[in-house]
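Taking it in order: structure first as structure tokens, then the write-up.
Labels below follow one simple rule: chain letters A, B, ... track the order of the sequence lines, proteins then strands, and each chain is numbered from 1.
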Number of protein chains: 2
Amino acid sequence: MTLAEAADSQNTPLETVPRNATSTEAICARILERHRDRVSVRKPHLATANLARIIEAVLKLSSRQSFHEMSLRDLARVSGLSMGGLYSYFDNKNTLLVMILTEVSETVGAVLRDAPAGLDADPAAHLRWLIDTHIRLTEAMQPWFVFAFMEAKGFPAAARAFATESELATERIFADVLARGVAQGVFTVPDIDLTAALIKPLLQDWYVKRAKYRKRGTPIHAYVAGVIAFVERAIART
Amino acid sequence: MTLAEAADSQNTPLETVPRNATSTEAICARILERHRDRVSVRKPHLATANLARIIEAVLKLSSRQSFHEMSLRDLARVSGLSMGGLYSYFDNKNTLLVMILTEVSETVGAVLRDAPAGLDADPAAHLRWLIDTHIRLTEAMQPWFVFAFMEAKGFPAAARAFATESELATERIFADVLARGVAQGVFTVPDIDLTAALIKPLLQDWYVKRAKYRKRGTPIHAYVAGVIAFVERAIART
DNA sequence: AAAAAATTCGAGCGCTCGCTCGTTTTTTGG
DNA sequence: CCAAAAAACGAGCGAGCGCTCGAATTTTTT
């Protein structure tokens, strides 16, 4: 099952995350564009397909051990390429880290900033949309987000700074909506920045502790509804 | 600065976590007791002191890279022991993982179950105590908790199962208090298990994203107060 | 169908890893 | 103060690492 299919099978009619943005192939096409100079294979279809196989293998192997424990021989075996073949798609192992992190950061920013028109006028609806979209995006790209979350520590300094900034940008999107809700008198929030910071881990828990919720049989719509209810009661006008 | 000193400097008069339980020396004395058969040095004082130096070095090195990237030569240099000397304190590198994980799991369970007498009768106060105590404990033992959280994936299967069970046990403590509050009519909680699951990441964010809160200048008492306020409004009787 | 270009291959290189063990140093007890 | 016991030492081992490069294979062009 591909990532996109996994997303589809969980999606409700309220789906807000377009499949064409989250399929492994689509993501790898974007990665390829962004790192064309590191990939020596010139034919785009071939390069995209093989890069997808490589990165899917990285995400699979890194879910059981850390990225640095994964050897390139493991990666060659699981991806189906040879040792030498791998190096046509990246110049060194660390580039794989950077490719994945960068794409996750860019994607989450792009998706969350693309709210349906008119939603700015209704902070409560906008907040619900943000929560729903964030959780569904991380569900559709779960291995990517887990990887970025768990391996961020080992990134080169520049990439780590970029990831941190991306995190803060997401938080700011939530803080803005909270501020607008307070201004319109629909929310009561004593500390907007702290509240935005507290909403974040509620969204992340769905992918960080995915195994727990799967074992428990919690469907995604129940989790989304639970988080929305929890947050809305916590910030409801008093 | 030792872990205990770091805890002290943040503690308010409301402090609920005893220093003697969270100093590196005290923790390592307990580790030594639990793994006496793996440590060949017989003199307890010497063994505790050196084990403390070793584990402090592990936590320090693993905060910048992953545990598996940390070489035993790095560990020897930072801890001040020789390569051979290290192996008087553990039989292989993985044992270090298990020592730290086990002690974190045991400690959090022991501390959270040791609530002051009479608190069972007052679910709201008990919940506040649990939140306060959990956050302060993880503050006092921050490197330990970060390590257990980030490296859990790489544990041997048995140790990972143990860690998962410990996680669930903590969640059950919160679920019990929520259930008692609902029974007494002081809380309104539609889904007790999901709510308990959502409180957990709010507590964990303080140590997982410690750098963010430090940079932002959020003091621990403000974070504790923020979480308590957020949770109490979310579950307040309607 | 042959020549040229693009892509894939995998044994081998230098290196560092976890771990060992014979030796040296420190501590202990009479 | 010395011999025995305990502890610490660190060079060295085989294994596996990231990475390379000339050869082999596949695809494209003519």
Side-chain angles (χ1 to χ4, degrees), chain A residues 28 32 35-58 61-62 64-100 151 154-156, chain B residues 28-29 32 35-58 61-62 64-100 151 154-156 159:
Chain A
C28 288
L32 191 62
H35 298 92
R36 212 186 281 279
D37 50 324
R38 314 250 197 175
V39 179
S40 73
V41 175
R42 304 310 331 156
K43 300 172 66 182
H45 272 79
L46 187 61
T48 303
N50 277 337
L51 195 59
R53 290 163 69 195
I54 292 169
I55 289 186
E56 229 160 49
V58 170
L61 289 165
S62 297
R64 311 202 174 275
Q65 5 170 225
S66 79
F67 176 76
H68 275 91
E69 282 175 90
M70 173 200 76
S71 78
L72 291 179
R73 283 163 185 84
D74 289 340
L75 183 56
R77 187 173 36 77
V78 174
S79 70
L81 275 79
S82 67
M83 282 292 294
L86 291 177
Y87 277 81
S88 302
Y89 296 93
F90 52 83
D91 47 6
N92 65 69
K93 196 185 174 188
N94 244 307
T95 298
L96 280 170
L97 270 177
V98 174
M99 282 177 168
I100 296 174
E151 307 289 349
F155 283 127
Chain B
C28 289
L32 190 63
H35 297 93
R36 211 185 283 278
D37 50 325
R38 314 250 198 174
V39 180
S40 72
V41 175
R42 302 313 329 159
K43 300 174 65 185
H45 272 80
L46 186 62
T48 302
N50 277 337
L51 195 59
R53 290 163 69 195
I54 291 170
I55 290 187
E56 230 160 48
V58 169
L61 288 165
S62 297
R64 312 204 173 274
Q65 4 170 225
S66 80
F67 175 76
H68 275 91
E69 283 174 270
M70 174 200 77
S71 77
L72 291 178
R73 284 162 184 85
D74 289 341
L75 183 57
R77 187 174 36 77
V78 173
S79 69
L81 275 79
S82 66
M83 284 290 294
L86 291 178
Y87 277 81
S88 302
Y89 295 93
F90 52 83
D91 47 7
N92 65 71
K93 196 184 173 189
N94 243 308
T95 298
L96 280 170
L97 269 178
V98 174
M99 282 176 168
I100 296 174
E151 308 290 348
F155 284 126

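Counting heavy atoms from C-beta on, the side chains of B:Ser88 and B:Val39 never come closer than 4.5 Å. At least one side-chain heavy atom of A:Gln65 sits under 4.5 Å from a side-chain heavy atom of A:Asp74. Taking 4.5 Å as the limit, every side-chain heavy atom of B:Asn50 sits out of range of all side-chain heavy atoms of B:Val41. At least one side-chain heavy atom of A:Phe90 sits under 4.5 Å from a side-chain heavy atom of A:Ile54.
The distance from atom CG of B:Leu72 to atom C1' of C:dG18 is 6 Å, rounded to the nearest whole Å. With rounding to whole Å, B:His68 atom NE2 is found 9 Å from C:dG18 atom P. Distance, B:Leu75 CG to C:dC17 C1': 14 Å, rounded to whole Å. If you take NZ of B:Lys93 and C1' of C:dC19, they are 12 Å apart, rounded to a whole angstrom.
Once rounded to the nearest 0.5 Å, the distance linking CG of A:Leu75 with CZ of A:Arg77 reads 9.5 Å. Rounded to the nearest 0.5 angstrom, B:Leu96 CG and B:Glu151 CD are separated by 11.5 Å. To the nearest 0.5 Å, the span separating CG on B:Leu81 from OH on B:Tyr89 amounts to 6.0 Å. Interatomic distance, NZ of A:Lys93 versus OG of A:Ser71, reported as 7.5 Å (0.5 Å rounding). Note that the CZ atom of A:Phe67 and the NE2 atom of B:His68 stand 15.0 Å from one another [nearest 0.5 Å]. One distance of note links CG of A:Leu86 with CG of A:Asn92; it measures 12.5 Å at 0.5 Å rounding.
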Quiz prompt | Stepwise side chain to side chain donor-acceptor pair (under 3.5 Å) test for A:Arg38 and A:Thr95 | solution = CA-CA 9 Å; A:Arg38 314 250 197 175; A:Thr95 298; 3.3 Å; yes
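Contact between the side-chain N/O atoms of B:Ser71 and the OP1/OP2 oxygens of C:dT16 is not found at any separation under 4.0 Å.
When each of B:Gly80 and A:Asp74 is assigned the nucleotide of DNA chain D bearing its nearest heavy atom, the one mapping closer to the 5' terminus is B:Gly80.
Shown for residues 84-92 of chain A: residues whose heavy atoms fall under 4.0 angstrom of DNA chain D, namely A:Gly84, A:Tyr87, A:Asn92.
Within the nucleic acid shown, A:Asn94 has no heavy atom closer than 4.0 Å to any nucleic acid atom. A:Arg73 comes within 4.0 angstrom of a base, heavy atoms only.
Close approach of DNA chain D to chain A, defined as any atom under 4.0 Å from a non-hydrogen atom of the protein, starts and stops at D:dC17 to D:dT28.
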Exercise. For nucleotides 22-30 of chain C, just jot down a letter per nucleotide in 5' to 3' order: B, S or -, based on protein non-hydrogen atoms under 4.0 Å.
Key: -----SS--
